Amino acid sequence: MKEKMEFKTETKRLLDMMINSIYTHKEIFLRELISNASDAIDKRHYLSLTDSSKAADAYEILVEADKEKRTLTITDNGIGMTKEDLVEHLGTIAKSGSKEFLEKIEKEKTPDVDIIGQFGVGFYSAFMVAKEITVYTKSVEDGKAHVFTSEGLDSYEIEDCELDTYGTKIVIFLRENTEDVKYDDFLEEYQIKDLIKKYSDYVRYPIKTWVTKYDEKKEEEKDEETHTHLELETINSMLPIWKKNKSEVTDEELNTFYKAKFMDYQDPITHIHVNVEGMLTYNALLFIPKKPIYDFNDRNERGLQLYTKGVFILDKCKDLIPEYLRFVKGLVDSADLPLNISREMLQEDRSIKKIATNVEKKILAELGRMLKNDREKFEEFFNDYGINLKYGLYEDYGAKKDSLKDLIILSSLNKDKRISFAEYKEAMVEGQKEIYYAVGKDKEAVLKLPQMDLIKNKGYDVLILADDVDEFMLQVLTEYDGVKFKSINQGDLDLIDEDQAKKIDELKEEKKDILEDLKKALPECKDVIFSKRLVEAPCCLTAAEGLSFEMERVLAAQHQGRGMKAERILEINPNHRVFQAMEKAYEADKDCLEKYAKLLYTQALLMEGILPTDPKEFSESLCELMIDSVK
Ligand code: ADP
């Protein structure tokens with residue numbers, strides 16, 4: 001007997017949305033139907049564990065196109081549906097995803113068509129392509145068969161029928177082609193194969209479809225027409241490589257998989273294979289590309305691919321990976337997420353958060369292992385991605401500093417290779433209390449800094465900061481394992497012995513007048529002092545504690561810091577002949593001091609790589625001095 005029933009109001013609204021949808025990825029309906037089929041097989045398989053009479057010989061999902069009738073049929077030998085199931089599941093919206101979807105479009109007057117793909121509205125999505133759908137189903141539970149028909153408008157019909165096998169067969173009568181959408185495309189063999197590969201490759205059961213095979217020709221038949229026949233072929237690879245036991249997968253296989261999936265031509269630097277079972281069950285496969293992959297489509301997007309139970313959900317799930325690890329490629333397959341999870345829900349989802357934390361930990365652990373066991377590889381990695389780790393350490397006020405500080409390597413004065421903070425500390429000489437660093441593009445540049453004199457004599461190593469972010473990173477760290485970081489040109493270096501220091505302090509008292517006048521001549525300087533760090537050089541510029549010259553430059557280049565300036569201190573070497581000459585001139589004529597002060601200050605600026613504000617004035621004074629000297 002045929003029974004006509006009304007859809008519930010909610011369902012009608014959803015169907016209405018689907019029918020009038022202009023969503024461009026209508027193809028997702030196939031993913032949804034295949035996923036339902038796979039769930040149905042899961043359920044039958046589960047039942048058969050306790051009742052073997054309910055088992056099938058083999059489970060499969062069949063996708064068939066009929067070009068003449070313009071139908072696409074998806075058949076499974078899963079659990080099937082009882083009449084009540086049909087009314088309850090296909091006649092009513094039970095799914096939380098669909099409900100959420102409705103609420104969302106209710107709020108937005110003109111719904112963004114893209115949200116359909118994010119919600120994945122299950123069975124109903126088929127109405128994006130169908131003008132009519134017929135569902136034949138025989139339930140394993142009560143052994144009865146029914147046929148459900150609907151045009152997706154107000155009502156549907158259910159009728160008893162006879163079917164030989166358990167399971168469900170969904171027949172989609174495609175809509176007429178329009179100018180915008182060629183529904184007939186869904187009947188094409190290549191299209192069906194592509195969609196199965198793209199969305200359902202890792203569904204656990206074979207997804208089969210009819211594939212054209214070219215008959216082999218004998219030599220004498222060469223000129224004849226090509227003969228073909230159709231063969232049923234399994235399209236999906238079923239067991240995803242990441243679900244296999246780690247010991248069963250070779251590096252070679254993983255590399256091949258990586259290259260095909262993430263479109264790289266080189267093997268990755270490393271891979272991380274995670275199988276977790278328990279409270280949270282998931283598998284992850286992560287890769288660090290040999291060279292950063294430049295993504296032309298959306299280079300601003302980071303993220304891992306997300307699957308749930310082998311069904312592809314999202315291409316770039318950014319909630320799975322922190323910003324600073326954006327270079328990591330890979331995927332996560334979780335058994336604990338619903339298929340219909342939306343982007344909004346992902347952000348809040350606790351399992352996603354847990355997985356993300358774990359993924360981050362695993363990556364950092366692998367990098368730590370690499371640093372320890374395969375230094376060369378780590379250095380290669382650091383060349384390209386070290387900067388990301390440095391930013392990661394600096395960002396969020398150093399929230400990640402403890403997990404990242406041991407993965408940073410920097411060049412140093414005394415070593416040929418880059419060293420970690422731990423290695424620096426390990427090599428500290430007796431009496432050394434701090435970790436010294438200098439900003440400079442390389443060793444040579446740093447060696448030339450006048451401030452280096454004393455440090456060199458002491459044999460202390462100095463970390464060389466070449467990247468803009470380096471100094472900011474050290475500011476966030478402030479210390480490593482109880483040892484403070486110290487810039488060679490900021491604050492007091494405390495390198496000379498007490499006697500010498502005392503001598504300089506006495507000198508300061510003695511030469512108070514000239515120091516005062518120098519200070520007056522240089523209003524840009526916070527202070528002019530006798531240096532406790534210079535040996536050879538006549539003078540140098542240092543910054544007071546806080547902002548350094550390098551940081552000032554970086555901030556200005558990024559239009560940040562609102563014009564903040566490092567506080568300049570001119571340090572003069574009282575033992576240098578230049579100071580002695582200046583003193584002599586000052587005693588003879590106090591007015592000449594300003595000129596010398598400016599010259600000295602500008603030289604100090606230049607050594608710091610800072611251009612004088614008035615180069616012309618500098619040049620003129622220098623010329624004057626040259627002329628005077630040969631008088
Ligand atoms: P979801 O699959 O997320 O629950 P759907 O709207 O796609 O949402 O399907 C609703 C319900 O209909 C399913 O939960 C399931 O009980 C039933 N169903 C759908 N397709 C099948 C099928 N092929 N075999 C058995 N039951 C099905």
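These figures come from a predicted structure and were not determined experimentally. All ligand and atom numbering here is 1-based and tracks the order in the structure.
- The shortest heavy-atom distance from D76 to ligand 1 is under 4.0 Å.
- The distance from ligand 1 to the heavy atoms of K43 drops below 4.0 Å at these ligand atoms: 16 (O).
- The side chain to side chain donor-acceptor pair (under 3.5 Å) test applied to K198 returns E27, not counting sequence neighbours.
- Ligand 1 does not have E32 within reach: every non-hydrogen atom of the residue lies 4.0 Å or more from it.
- Salt bridge status for E157 with K4: absent, with no side-chain N to carboxylate O gap under 4.0 Å.
- For ligand 1, the atoms closer than 4.0 angstrom to any heavy atom of G122 are 7 (O).
- Using cut-offs of 30° and 60° for the angle between ring planes, the F29 and F186 rings count as perpendicular.
- Counting heavy atoms from C-beta on, the side chains of K208 and E233 never come closer than 4.5 Å.
- Contacts of D39 with ligand 1, taken as heavy-atom pairs under 4.0 Å, are absent altogether.
- Between Y282 and V274, some side-chain heavy-atom pair lies under the 4.5 Å cut-off.
- Of the N or O atoms in Y124, none lie within a sub-3.5 Å distance of an N or O in ligand 1.
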